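Only one structure is covered here, and it is reproduced in the block below.
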There are 2 protein chains.
Amino acid sequence: MQIGEVAARTELSLRTIRHYEETGLVVPSARSRGGFRLYTETDVARLMVIRRMKPLGFTLDQMRDLLDATDRLDADTPLRADEREALLERVRAYQQEAAEQVEKLRVQLSRAEDFEGTLRARLERDAHADRA
Amino acid sequence: MQIGEVAARTELSLRTIRHYEETGLVVPSARSRGGFRLYTETDVARLMVIRRMKPLGFTLDQMRDLLDATDRLDADTPLRADEREALLERVRAYQQEAAEQVEKLRVQLSRAEDFEGTLRARLERDAHADRA
DNA sequence: CTCTACCCTAACGTTAGGGTAGAGTTGTTG
DNA sequence: CAACAACTCTACCCTAACGTTAGGGTAGAG
């Protein structure tokens with residue numbers, strides 16, 4: 001499928017999807033003779049994974065690195081034990097960072113809620129002041 | 001007080017505080033004869049407000065605009081009724097946007113939690129596979 | 001053909017700061 | 001007063017992750 005449909009399905013912009021290719025994050029599986037990017041279901045799935053990762057604040061480089069690790073772990077080609085351990089260690093590090101980031105997001109959310117509440121309270125106060 | 005102490009108290013970097021001045025968001029109340037920025041408690045309070053706003057994803061321009069509106073509403077100089085109404089309308093718009101942003105943060109948080117969980121589950125699975 | 005809806009590359013713009021260099025300022029000692 | 005550490009100044013270049021033109025090429029229906 002071409003980029004437009006991919007964008008619609010992933011809710012990512014065309015520019016974003018092209019950018020992910022530029023940085024080597026998700027390279028379309030093929031091109032049409034005319035040069036159009038052609039994506040498979042697998043490519044789309046990968047984009048969805050990235051979309052879920054985005055709120056965690058990882059850089060594109062980190063995402064590429066992590067996806068690379070899981071891809072290699074899932075591949076059919078068997079790995080040497082030490083290679084496998086190294087990959088798992090990488091994934092563990094990202095999982096740790098993800099957990100920390102989740103904590104930060106919680107803090108942010110509560111700050112945001114707090115601020116929104118303050119703003120609303122203020123507006124209600126001002127509305128009452130109208131009659132003062 | 002000078003910029004270093006302000007940075008310590010607000011947990012913002014020197015660079016960030018200077019940047020806020022460049023964009024007219026928080027201009028220090030004074031300068032020393034030698035040119036050092038000098039901040040008052042009020043300035044610090046303003047920086048704290050901004051720090052609370054940050055998670056809402058407003059641009060610095062928007063924050064400046066909003067702070068400007070609330071400042072004018074709080075000022076001692078009386079406003080014409082229509083001016084006051086216009087300012088309130090501006091604040092209302094930002095409150096709306098804040099509420100929307102809170103929703104987005106909730107979505108992001110749940111996606112992040114989800115992803116972190118997936119990653120953790122995956123690691124546990126791989127750990128068990130060790131013994132297989 | 002030709003039309004329309006898509007898609008392409010290339011390249012500069014934006015936001016919110018980070019980092020650095022080189023020079024000046026403050027407040028404290030001797 | 002000089003010397004000095006600690007702090008601060010301006011100016012400038014750098015970055016990530018796209019947004020935004022501009023100027024063209026492509027797919028496929030009619």
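Lettering of chains follows the sequences in order, A, B, ..., and the numbering in each one begins at 1. Keep in mind it's a predicted model, so treat the numbers as computed, not measured.
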Show me the donor-acceptor pairs within less than 3.5 Å that the side chains of residues 96-105 of chain B make with the rest of the protein, sequence neighbours left out.
from, atom 1, to, atom 2, distance (Å)
B:E103, OE2, B:R106, NH1, 2.5

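Proximity of residues 41-51 of chain B to DNA chain C (heavy atom under 4.0 angstrom from any strand atom) is not detected for any residue. Using a 4.0 Å cut-off on heavy atoms, the residues of residues 17-36 of chain B that approach DNA chain D are B:R18, B:R31, B:G35, B:F36, listed by number. Within a heavy-atom distance below 4.0 Å of DNA chain D, the residues of residues 5-13 of chain A found are A:S13.
In this structure, the side chains of B:R46 and B:T42 stay at 4.5 Å or more apart for every pair of heavy atoms.
Remark: A:R92 CZ to A:L88 CG distance equals 5.5 Å, nearest 0.5 Å. Distance check, rounded to the nearest 0.5 Å: OG1 of A:T23 to CG of A:L60 gives 5.0 Å.
The minimum heavy-atom distance linking B:Q2 with B:Y39 is given by the pair C-CD1, 4.5 Å. For the residue pair B:P55 and A:R111, the shortest heavy atom distance occurs at CG-CB, 4.1 Å.
In this model, the phosphate group of C:dC7 is approached by a side-chain N or O of A:Q2 to a distance below 4.0 Å at OP1 or OP2.
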Could you list, one pair per line, each protein nitrogen or oxygen that sits under 3.5 Å from a nitrogen or oxygen of nucleotides 20-22 of chain D, together with the distance?
from, atom 1, to, atom 2, distance (Å)
D:dT20, O4, A:R15, NE, 3.0

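Side-chain heavy atoms closer than 4.5 Å link hydrophobic residues (I, L, V, M, F, W, Y) into clusters, and following such links, possibly through other members, connects A:L66 to A:L79. There is no path of hydrophobic side-chain contacts, each under 4.5 Å, that joins B:V44 to B:F36.
Between the CG atom of A:D61 and the P atom of D:dA17 there is a distance of 7 Å, given to the nearest Å. Separating the CE atom of B:M63 from the C1' atom of C:dG17 is a distance of 12 Å, rounded to the nearest angstrom. Between B:L14 atom CG and D:dC9 atom C1' the separation is 11 Å, expressed in whole Å. A straight line from NZ of A:K54 to P of D:dA16 spans 17 Å, rounded to a whole angstrom.
The side chain to side chain contact (heavy atoms under 4.5 Å, CB included) test applied to B:E11 returns B:R51, not counting sequence neighbours. Every residue two or more places apart in sequence or in another chain that forms a side chain to side chain contact (heavy atoms under 4.5 Å, CB included) with A:L14 is listed here: A:I3, A:A7, A:R18. With sequence neighbours excluded, the residues that form a side chain to side chain contact (heavy atoms under 4.5 Å, CB included) with B:R15 are B:S13, B:H19, B:E22. Judged as a salt bridge (Lys or Arg N to Asp or Glu O under 4.0 Å), and not counting sequence neighbours, the contacts of A:R80 are A:D82, A:E83. Every residue two or more places apart in sequence or in another chain that forms a salt bridge (Lys or Arg N to Asp or Glu O under 4.0 Å) with B:D68 is listed here: B:R72, B:R90.
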Can you run through DNA chain D from 5' to 3' and write each base as (, ), [, ], | or . depending on how it pairs? Watson-Crick or G-U wobble, both distances under 3.5 Å.
||||||||||||||||||||||||||||||
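The list of ring-ring contact (aromatic ring centres under 6.0 Å, His included) pairs with a residue in residues 47-91 of chain A, not counting sequence neighbours, reads A:F58-A:Y94.
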Going through the checks in order, is the side-chain contact (heavy atoms from CB on, under 4.5 Å) test met by A:L67 and A:I50?
CA-CA 9 Å; A:L67 283 174; A:I50 292 165; 3.9 Å; yes
